[in-house]
Number of protein chains: 2
Amino acid sequence: MKRSPAVRSLPPADDHAVRFARQREADRTATAEDYVELIADLLREEGEARAVELARRMGVSQATVTATVGRLQRDGLVETKPYRGLFLTDAGRAMAQAAKARHDLVVRFLIAVGLDAETAEQDAEGLEHHASEKALEAFARFVAKREAGGA
Amino acid sequence: MKRSPAVRSLPPADDHAVRFARQREADRTATAEDYVELIADLLREEGEARAVELARRMGVSQATVTATVGRLQRDGLVETKPYRGLFLTDAGRAMAQAAKARHDLVVRFLIAVGLDAETAEQDAEGLEHHASEKALEAFARFVAKREAGGA
DNA sequence: TCCGAAGTTCAGCCTAGGCTAAGTTATGGC
DNA sequence: GCCATAACTTAGCCTAGGCTGAACTTCGGA
Ligand SMILES: [Mn+2]
Ligand SMILES: [Mn+2]
Ligand SMILES: [Mn+2]
Ligand SMILES: [Mn+2]
């Protein structure tokens, strides 16, 4: 008589479903986060955020930027002054600030864990959208320890 | 001495675009990876992988599973025997194995940096799709060091 | 002043991945 | 062996996020 493998990697079905649902939710907000973060960066470092520059940096067509920015506007994150560039609402600024803090933390964490800076930047762009608050706290603790000369 | 975070200046536009393009690519493969991984788990632990069970565990309707499995079939990852469940092709098995290895590594890594097991499982479900090979190697080194009782 | 180039939008198309509601059909319990 | 039911598919719909190509607007330089 053989016992079933003791390793049970399958959680209860509804717990399992919750994990995937959260992931889908994160995917849905990722584009908005990346756009507002970029817009904030451009406003800060270039003085303006033009749609054409977003298209270049996102690697996407200008038409796609128009459509996406339309959704961000609909969702109260962005305002546009035609031919004068893009601006953030208060909500947009708040999201951008949170996104940037998260992005920078993830980058520092990846570097602390041994990744080169360029790969860290690359990977952070995706990972940042899927780290929970708890994970970010753990990352922050780890980075603090490292940067305090803990090794 | 702790340097204040230098203002991260924007990378060259095309480098920037590459980062986002990679991220979009990862997003596109994430669904396939999760499905084949789940199918492999079900085959191993339950003896069969039924569409209705995938729907339950993915938190999605049966109609959505039918459509998604259709794409996986089109892409040569999955085969179906109607009313007898789902099966993996060689390519599907290979993808599932890689996905599971990655998933488990990310979970162990997250636990090693201080996350509780449940949150680690939750976050791994999303993070696993956005960690580059280099990142996974760094994670593996870190886990090995920890599990060997290193600092 | 005028006009071309750059920036922006519009129209029309596509795929992935969701949904519900309404069929089909195979299997297993009786 | 029947047939209820669970499993599965189909039809029709939707949104996000991509694309191309063709307008349309603004602005700066000649
Ligand atoms: Mn990002
Ligand atoms: Mn980012
Ligand atoms: Mn996953
Ligand atoms: Mn997984």
Side-chain angles (χ1 to χ4, degrees), chain A residues 13 17-39 42-43 46-87 125-126 129, chain B residues 13 17-36 38-39 42 46-87 125-126 129:
Chain A
V18 166
R19 291 184 197 162
F20 287 114
R22 292 231 184 95
Q23 199 196 326
R24 284 193 296 271
E25 176 59 28
D27 277 337
R28 266 198 306 278
T29 59
T31 301
E33 290 173 353
D34 285 338
Y35 269 69
V36 298
E37 189 187 345
L38 219 203
I39 290 169
L42 288 170
L43 286 171
E46 316 268 290
E48 62 174 8
R50 311 296 300 232
V52 66
E53 186 61 18
L54 256 76
R56 264 191 289 273
R57 308 195 86 100
M58 300 292 311
V60 122
S61 75
Q62 290 184 225
T64 292
V65 169
T66 297
T68 303
V69 166
R71 283 187 293 272
L72 299 178
Q73 222 167 347
R74 177 201 64 191
D75 296 342
L77 297 167
V78 162
E79 281 164 3
T80 67
K81 297 184 189 167
Y83 297 90
R84 292 244 111 70
L86 308 174
F87 301 87
E125 204 52 79
H129 308 288
Chain B
V18 165
R19 291 183 197 163
F20 287 113
R22 292 231 184 95
Q23 199 196 326
R24 285 193 295 271
E25 176 60 27
D27 277 338
R28 267 198 304 279
T29 59
T31 302
E33 290 172 354
D34 285 339
Y35 268 69
V36 298
L38 219 202
I39 291 169
L42 288 170
E46 315 269 292
E48 62 175 6
R50 312 295 301 231
V52 65
E53 186 62 18
L54 256 77
R56 263 192 288 272
R57 309 195 86 99
M58 300 292 310
V60 121
S61 74
Q62 289 191 36
T64 292
V65 169
T66 297
T68 303
V69 166
R71 283 187 294 272
L72 298 179
Q73 223 168 344
R74 178 200 65 191
D75 297 342
L77 296 166
V78 162
E79 281 163 2
T80 68
K81 296 184 189 165
Y83 297 89
R84 292 245 109 72
L86 308 174
F87 302 87
E125 203 52 78
H129 308 288

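A distance of 11.0 Å separates CG of B:Leu72 from OG1 of B:Thr80, quoted to the nearest 0.5 Å. B:Leu86 CG to B:Tyr35 OH: the interatomic distance, rounded to the nearest 0.5 Å, is 10.0 Å. Of the inter-residue distances, the one linking A:Thr68 atom OG1 with A:Asp34 atom CG reads 11.0 Å to the nearest 0.5 angstrom.
The nearest whole Å value for the distance from the CG atom in B:Asp27 to the C1' atom in C:dA16 is 11 Å. Rounding to whole angstrom units, CG of residue A:Asp34 and C1' of D:dG17 are separated by 13 Å. When the P atom of C:dA16 is taken as reference, atom CD of B:Glu25 falls 12 Å away, rounded to whole Å. Between the CZ atom of A:Arg50 and the C1' atom of D:dT25 there is a distance of 12 Å, given to the nearest Å. Rounding to whole angstrom units, NE2 of residue B:His129 and P of C:dA16 are separated by 17 Å.
For C:dT25, the base has a donor-acceptor partner in the side chain of B:Tyr83 [N/O atoms by modelled type, under 3.5 angstrom].
For the pair B:Arg28 and C:dA16, the criterion of a side-chain N or O lying under 4.0 Å from OP1 or OP2 is not met. At C:dG7, none of the side-chain N or O atoms of A:Arg84 fall inside 4.0 Å of OP1 or OP2 (strictly under the cut-off).
Counting heavy atoms from C-beta on, the side chains of A:Thr64 and A:Met58 never come closer than 4.5 Å. A 4.5 Å side-chain heavy-atom check between B:Leu38 and B:Leu42 finds at least one atom pair inside the cut-off. In this structure, the side chains of B:Val52 and B:Gln62 come closer than 4.5 Å at one or more pairs of heavy atoms.
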Next item on the list: Decide yes or no on side chain to side chain contact (heavy atoms under 4.5 Å, CB included) for B:Thr31 and B:Arg71, but give the supporting numbers first.
Entry: CA-CA 10 Å; B:Thr31 302; B:Arg71 283 187 294 272; 5.8 Å; no
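A donor-acceptor pair is defined here as one N or O able to donate and one able to accept, closer than 3.5 Å; no such pair exists between the side chain of A:Arg22 and the backbone of A:Ala17.
Between A:Pro82 and A:Ala32, it is A:Ala32 whose nearest contact on DNA chain D lies nearer the 5' terminus. In terms of position on DNA chain C, the residue among B:Thr29 and A:Arg56 whose nearest nucleotide sits closer to the 5' end is A:Arg56.
Taking a cutoff of 4.0 Å between a charged side-chain nitrogen and a carboxylate oxygen, A:Glu25 and A:Arg28 qualify as a salt bridge.
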With 3.5 Å as the limit, what N/O pairs link the protein to nucleotides 18-22 of chain C?
from: C:dC19; atom 1: OP2; to: B:Ser61; atom 2: N; distance (Å): 2.8
from: C:dC19; atom 1: OP2; to: B:Ser61; atom 2: OG; distance (Å): 3.2
from: C:dC19; atom 1: OP2; to: B:Thr64; atom 2: OG1; distance (Å): 2.8

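Remark: nothing in residues 69-81 of chain A comes within less than 4.0 Å of DNA chain C through any heavy atom.
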